[in-house]
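First comes the structure, then the notes that go with it.
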There are 2 protein chains.
Amino acid sequence: MVRVTRDGDGHAPVRSVDVARLAQVSQKTVSRVFNDEQYVSDEVRSRVLAAADRLGYRLNNAARVLASGRTRSIGVVTLGTAMYGPASLLMGIERAVRDAGYTLRVATTAEGDPGGVAGAVESLLDQGVDGIVASEPIDEGTGSVRVDVPVLVLGAPPVFSAPRVVTAGVDAALLAQVATKHLLDLGHQTVHHVAGPQQWFSARDRLDGWRTALRAHGCREPTVVEGDWTAESGYAAGRELAGIGDVSAVFAANDDMAIGLIRALLEAGLRVPEDVSVVGFDDIPLAAYVTPPLTTVRQPFDAVAREGLKLLVHAIEQPDAPAGSATEPPVELLVRRSTAPPRGAARTE
Amino acid sequence: MVRVTRDGDGHAPVRSVDVARLAQVSQKTVSRVFNDEQYVSDEVRSRVLAAADRLGYRLNNAARVLASGRTRSIGVVTLGTAMYGPASLLMGIERAVRDAGYTLRVATTAEGDPGGVAGAVESLLDQGVDGIVASEPIDEGTGSVRVDVPVLVLGAPPVFSAPRVVTAGVDAALLAQVATKHLLDLGHQTVHHVAGPQQWFSARDRLDGWRTALRAHGCREPTVVEGDWTAESGYAAGRELAGIGDVSAVFAANDDMAIGLIRALLEAGLRVPEDVSVVGFDDIPLAAYVTPPLTTVRQPFDAVAREGLKLLVHAIEQPDAPAGSATEPPVELLVRRSTAPPRGAARTE
DNA sequence: TTGAAAGCGCTAACAC
DNA sequence: GTGTTAGCGCTTTCAA
């Protein structure tokens, strides 16, 4: 199913001088018009625009970048996956970048790709960007990468050495704590945890939050089962937990794993939430529609991207001004139907 | 949660002449080394590399693009959403672009954004790209956009006027037909359809495939319910269908809507698949883990992106050679637990 | 195998 | 308000 259409070629490369000649003005005036500079009379402006339109003129970006030293583009390093979290963050970044008047360059890293983040950053730098966004970089233990443009790190500590490193992100530990506390408040003796891969900073934060909540309630801390964010790994974790026997509440580090987990519990003959309560993390669009509808905490990806980018653009455009700070987005716990008080209420099993 | 680190600045802009001076060669020789051209002795090459390394030299991309007229970058126009389909396609494109030795520029359109695709294409052209990928452009009825670089259209007819327009995509109609036929073969009298938004070509193709299958079996064609790809709209469609009464099988145009649909059926007291069978479309990673596990057809996003990009790169690099053609990916129907023979077997209700 | 010269198309700094 | 003059840092001839 492939069609190919051949079409006229031979386009004459139109430059600003050509437009200038036709409009009977200097080349610089054309430049002024196309940069929305002041000091151009309306009459000249429209003459230039008309000429440009007639010739099909388009400003040459490479020449502009070379002459000005500014690319007006921002590069983002992200994990090359369609998983809801990373993809949402990427889309939020794209929107924010565009709103700020920049263009976007993307470089992805595969998980396990050695020197992935560092390599991706190098490639963006080669392409020429005014700033870089590292979206949920995983811990590669590479020490730090030297970069000469401002960097925004989303969802991780500042692992770069750059003129300016700005970080933003939700307080994942706090969200995890809220999720865990919800289960504890329901009366569960303790809460098991299906964690994300521990090279991810956000996975560690969630684990920390879970642990904090348990300690605050003086609960014993069950062994953690580690997944890889996929529903499949959640399913495997679910089989493992179903085998243990005394599991009454589980906090999964993301919704996908929570859904896989629930599936495994169901297949093991356990009902959710009657026998086991499950809380997820992210609030993916499907969370409210799976069976049972999933209780979870929301990650405000858009807000994080927007806030972070504001800081980055500030660092790019006012290199000497102090950076502002991102406002903390509100915590949202969405209680749906996958959680309930433990069986037999206030009775120990 | 924002930390800012201030770091040394004052980087001297190192140019190839600086490297040349230090290595005691001409600037052109430095250029040769960095472009992996031949006719450079090993000794000179290593001297240049050493000098470049010492100075921290990095080739200026804008200058290179300006002088060569080639950007070695490809732009992609995509819908700015984290939905599984578009996001998967984007990730597949990114990988394919990188493998082909190009860099990626992204421009998104919001649905309903007037002149969205055309505007996004313009912006990519302004940035300078050697080729453009239109990923599932929706029908804007804008006639055609004039572009002077090759264009790859994914999942839609060639709506551009360009030197070369190449299209690739799965045969959505065929997949939809297979999905529908599966239900019919199970013994269902007819199959209802929850369609995607009809400005999407792929939504229309799925509708067409469904219709074709029904006709081939001589079935009556129930009224179509149109959703917007979200689980929420699938849920709404489910409530509507549950009200009808004689629905025994439904083909949803994507998995998200199928999941929302199932939720609504369940809430209306209908069991899936005992009372109603449901088939989705996409095979999202969660499909196998929701309850009940969803029968669906798989969209091979990666293969489509890879095949399409091969054609695009070919069109960019050999403008005069005939375009090859994409090999059709195999159709995959994944029968899971959301489909079964109708209640009461071969009996009309 | 290496080098010299001439732009690529624009913006910046300064005149008028 | 508008024009002039220099580059930006590279690749492309063409010589040597």
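By convention in this document, chain letters (A, B, ...) are assigned in the order of the sequence lines, proteins followed by strands, and residues within each chain are numbered from 1.
Under the side chain to side chain donor-acceptor pair (under 3.5 Å) criterion, B/Q127 pairs with B/R105, B/S123, sequence neighbours left out. Considering only residues two or more places apart in sequence or on other chains, A/D126 meets the salt bridge (charged side-chain N to carboxylate O under 4.0 Å, His left out) condition with B/R58. Under the rule for a ring pair (Phe, Tyr, Trp, His ring centres under 6.0 Å), B/F201 has no partner lying at least two apart in sequence or in another chain. For the salt bridge (charged side-chain N to carboxylate O under 4.0 Å, His left out) test, residues two or more places apart in sequence or in another chain that qualify with B/E94 are B/R98. In this view, A/Y102 satisfies the ring pair (Phe, Tyr, Trp, His ring centres under 6.0 Å) rule with no residue, not counting sequence neighbours. In this view, B/R64 satisfies the salt bridge (charged side-chain N to carboxylate O under 4.0 Å, His left out) rule with no residue, not counting sequence neighbours.
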Pairs of donor and acceptor atoms involving the side chains of residues 71-82 of chain B, under 3.5 Å and at least two apart or interchain, shall be tabulated with distances.
{"residue": "B/T71", "atom": "OG1", "partner": "B/S73", "partner atom": "N", "Å": "3.1"}
{"residue": "B/T71", "atom": "OG1", "partner": "B/S73", "partner atom": "OG", "Å": "3.3"}
{"residue": "B/T71", "atom": "OG1", "partner": "B/D130", "partner atom": "N", "Å": "3.4"}
{"residue": "B/T71", "atom": "OG1", "partner": "B/D130", "partner atom": "OD1", "Å": "3.0"}
{"residue": "B/R72", "atom": "NE", "partner": "B/G101", "partner atom": "O", "Å": "3.4"}
{"residue": "B/S73", "atom": "OG", "partner": "B/G128", "partner atom": "O", "Å": "3.4"}
{"residue": "B/T81", "atom": "OG1", "partner": "B/M83", "partner atom": "N", "Å": "2.7"}

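Scanning residues 16-23 of chain B for heavy-atom distances under 4.0 Å to DNA chain C yields an empty list. For residues 37-51 of chain A, proximity to DNA chain C is found at no residue, defined as any non-hydrogen atom under 4.0 angstrom from a strand atom.
For the ring-ring contact (aromatic ring centres under 6.0 Å, His included) condition, the pairs that include at least one residue of residues 44-63 of chain B, sequence neighbours left out, are B/F34-B/Y57.
Using a 4.0 Å cutoff to heavy atoms of chain B, the contacted part of DNA chain C runs 5' to 3' from C/dT1 to C/dG9. Taking 4.0 Å as the cutoff to heavy atoms of chain B, we find the contact window on DNA chain D bounded by D/dG9 to D/dT12.
Nucleic acid contact class of B/N61 (heavy atoms, under 4.0 Å, all strands): none.
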